[in-house]
Amino acid sequence: MDQNVELKQFLRSRRARLGVDDVELGGTSGVRRVPGLRREEVARLAGVSVDYYTRLEQGRAAHVSDEVLDAIAGALRLDDTERSYLWQIARTSSRRPRRRTAARVQRVRPGVRRMLETLDEVSPAFVFGRRMDVLAANRLARALLTDFEALPPRDRNMLRYTFLDESARELFLDWEAVARDNVALLRLDAGRHPDDPLLAELVGELAVASPEFRRWWADHNVRDRSHGTKSYRHPLVGDLVVNYECFTLPGDPDQTLCVYTTEAGSASEAALRLLAGWTADVPGTPVG
């Protein structure tokens with residue numbers, strides 16, 4: 001991903017989503033041909049010159065200070081994840097392009113694998129790596145979503161599953177929300193690893209295969225893994241809602257452990273226990 005291009009498009013997309021009613025400008029009038037704030041309005045809110053902001057939005061401003069980035073983030077009403085993303089792409093856009101090298105193969109530690117196994121009877125659990133590759137998944141996780149272990153290593157990826165496997169559209173009750181979130185997660189990863197050839201290959205493949213991915217990728221939204229809920233309509237146990245918590249693993253900031261739980265005494269808990277019982281005799285070890 002060309003960080004100069006990404007910086008330009010990200011700033012334009014954040015500017016376009018803001019209207020004059022969202023900020024305190026004063027004295028702004030006139031008919032607008034396109035939605036969003038004008039460059040001069042963002043520059044005024046950030047306290048920088050219009051020329052400087054224009055050069056920054058065009059990816060031509062080198063060595064941007066922390067103070068200026070903070071001011072622009074405030075003017076554009078960026079959240080914490082978007083602010084961090086802006087810093088990342090602004091810093092890397094001013095560096096000399098690096099030669100692409102083969103992506104390092106990510107490995108899951110034996111201790112983490114053992115932890116997944118101990119959760120087998122009660123909680124689906126995954127370890128995600130870069131590009132949302134599924135590096136490991138316990139038996140209950142594979143029973144809930146899909147058997148990643150049975151897929152070729154290249155296809156053990158949550159984006160490929162979400163957009164290219166038709167069963168995902170039936171499994172996720174709100175497929176669009178899940179798919180949009182996954183695109184935003186991938187966009188954040190692309191900002192951190194702009195020279196990853198496998199990520200570029202994944203984005204290209206999905207852009208060709210899925211008009212939804214192509215449209216949402218162009219939105220330049222970013223999101224980090226944290227916590228929340230997901231709703232499923234499983235072909236064996238019916239509807240269930242899970243809570244998820246995600247943690248960055250010590251020793252590797254590019255690996256994230258995600259654990260799913262259900263409310264105690266809920267129908268979802270009963271459904272998950274039923275699924276665990278039905279799949280208890282299915283052989284297999286965590287993906288990896």
Side-chain angles (χ1 to χ4, degrees), residues 1-98 176-177 179-196 199-200 203 207 212-228 253:
M1 187 173 69
D2 187 322
Q3 295 297 72
N4 284 309
V5 173
E6 177 58 18
L7 177 61
K8 173 177 66 176
Q9 294 178 344
F10 179 71
L11 289 174
R12 285 180 176 178
S13 69
R14 300 309 90 172
R15 177 164 60 86
R17 73 179 182 180
L18 288 176
V20 292
D21 294 334
D22 298 320
V23 296
E24 296 181 5
L25 284 168
T28 299
S29 61
V31 177
R32 293 175 180 260
R33 296 180 179 178
V34 294
L37 297 180
R38 301 180 176 118
R39 285 176 176 169
E40 57 267 27
E41 292 167 342
V42 176
R44 188 196 318 170
L45 289 167
V48 300
S49 71
V50 177
D51 178 67
Y52 186 85
Y53 178 76
T54 299
R55 286 188 286 116
L56 179 63
E57 194 173 278
Q58 292 175 345
R60 297 188 293 112
H63 309 297
V64 186
S65 70
D66 296 348
E67 292 77 13
V68 168
L69 288 177
D70 269 338
I72 290 172
L76 293 173
R77 303 290 181 88
L78 304 187
D79 62 26
D80 290 343
T81 301
E82 292 171 326
R83 184 181 295 261
S84 297
Y85 184 72
L86 173 62
W87 278 50
Q88 179 69 48
I89 59 178
R91 292 286 177 259
T92 54
S93 67
S94 61
R95 298 175 191 164
R96 179 178 299 177
R98 294 181 297 179
E176 180 174 329
R180 282 178 176 270
D181 281 350
N182 287 346
V183 173
L185 288 165
L186 188 67
R187 171 68 73 176
L188 186 65
D189 194 54
R192 292 169 175 163
H193 305 286
D195 302 309
D196 184 348
L199 193 149
V203 170
E212 296 104 330
F213 176 87
R214 190 163 58 247
R215 183 169 66 253
W216 297 332
W217 183 255
D219 289 339
H220 296 271
N221 292 326
V222 291
R223 181 177 180 273
D224 209 352
R225 297 183 183 91
S226 56
H227 57 86

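Between the CD atom of Glu82 and the OG atom of Ser13 there is a distance of 8.0 Å, given to the nearest 0.5 Å. Taking CZ from Arg192 and CG from Leu199, the interatomic distance works out to 12.0 Å, rounded to the nearest 0.5 Å. Taking CG from Leu56 and CG from Leu11, the interatomic distance works out to 5.5 Å, rounded to the nearest 0.5 Å. The CG atom of Leu69 lies 9.5 Å from the CZ atom of Arg83; values are rounded to the nearest 0.5 Å. Here the CG-CZ distance, from Leu37 to Arg17, works out to 11.0 Å after rounding to the nearest 0.5 Å. To the nearest 0.5 Å, atoms CG (Asp224) and CG (Asp80) are separated by 10.5 Å.
The salt bridge (Lys or Arg N to Asp or Glu O under 4.0 Å) search around Asp189 returns none, not counting sequence neighbours. For Glu176, the side-chain hydrogen bond (donor to acceptor under 3.5 Å, both in side chains) partners at least two apart in sequence or on another chain are Arg180. Partners of Arg215 under the side-chain contact (heavy atoms from CB on, under 4.5 Å) rule, at least two apart in sequence or in another chain, are Glu212. Looking at residues two or more places apart in sequence or on another chain, you find no salt bridge (Lys or Arg N to Asp or Glu O under 4.0 Å) involving Asp79. Annotation: ring pair (Phe, Tyr, Trp, His ring centres under 6.0 Å) contacts of Phe10 (sequence neighbours excluded): Tyr85. Residues satisfying the side-chain contact (heavy atoms from CB on, under 4.5 Å) test with Asn221, not counting sequence neighbours, are Arg14, Ala184, Asp219. Asp66 is linked by a side-chain contact (heavy atoms from CB on, under 4.5 Å) to Trp87, Arg91, counting only residues two or more places apart in sequence or in another chain. With sequence neighbours excluded, no residue forms a side-chain hydrogen bond (donor to acceptor under 3.5 Å, both in side chains) with Arg225. Listed by chain and residue number, Thr162 satisfy the side-chain hydrogen bond (donor to acceptor under 3.5 Å, both in side chains) test with Asn182 (two or more places apart in sequence, or in another chain). The side-chain contact (heavy atoms from CB on, under 4.5 Å) search around Ala71 returns Ala46, not counting sequence neighbours. Considering only residues two or more places apart in sequence or on other chains, Arg214 meets the salt bridge (Lys or Arg N to Asp or Glu O under 4.0 Å) condition with none of them.
A donor-acceptor contact shorter than 3.5 Å links the side chain of Arg187 to the backbone of Trp217.
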For this session: Report the C-alpha separation of Leu86 and Leu7 in whole Å, then their side-chain angles, then the decisive distance to 0.1 Å, and conclude whether the side chain to side chain contact (heavy atoms under 4.5 Å, CB included) test is met.
Result: CA-CA 7 Å; Leu86 173 62; Leu7 177 61; 3.8 Å; yes
For this session: Would you check, one step at a time, whether the test side chain to side chain contact (heavy atoms under 4.5 Å, CB included) holds for Val48 with Val42?
Result: CA-CA 9 Å; Val48 300; Val42 176; over 6 Å; no
For this session: Go through the steps for Gln58 and Arg39 under the test side chain to side chain contact (heavy atoms under 4.5 Å, CB included), then give the verdict.
Result: CA-CA 11 Å; Gln58 292 175 345; Arg39 285 176 176 169; 3.9 Å; yes
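Here the options are Gln9, Arg15, Lys8, the test is side-chain hydrogen bond (donor to acceptor under 3.5 Å, both in side chains), and the partner is Glu57; only Arg15 passes.
For the residue pair Ala75 and Leu18, the shortest heavy atom distance occurs at O-CD1, 3.6 Å. Closest approach of Ala179 and Trp216 over heavy atoms only: CB-CZ3, 3.6 Å.
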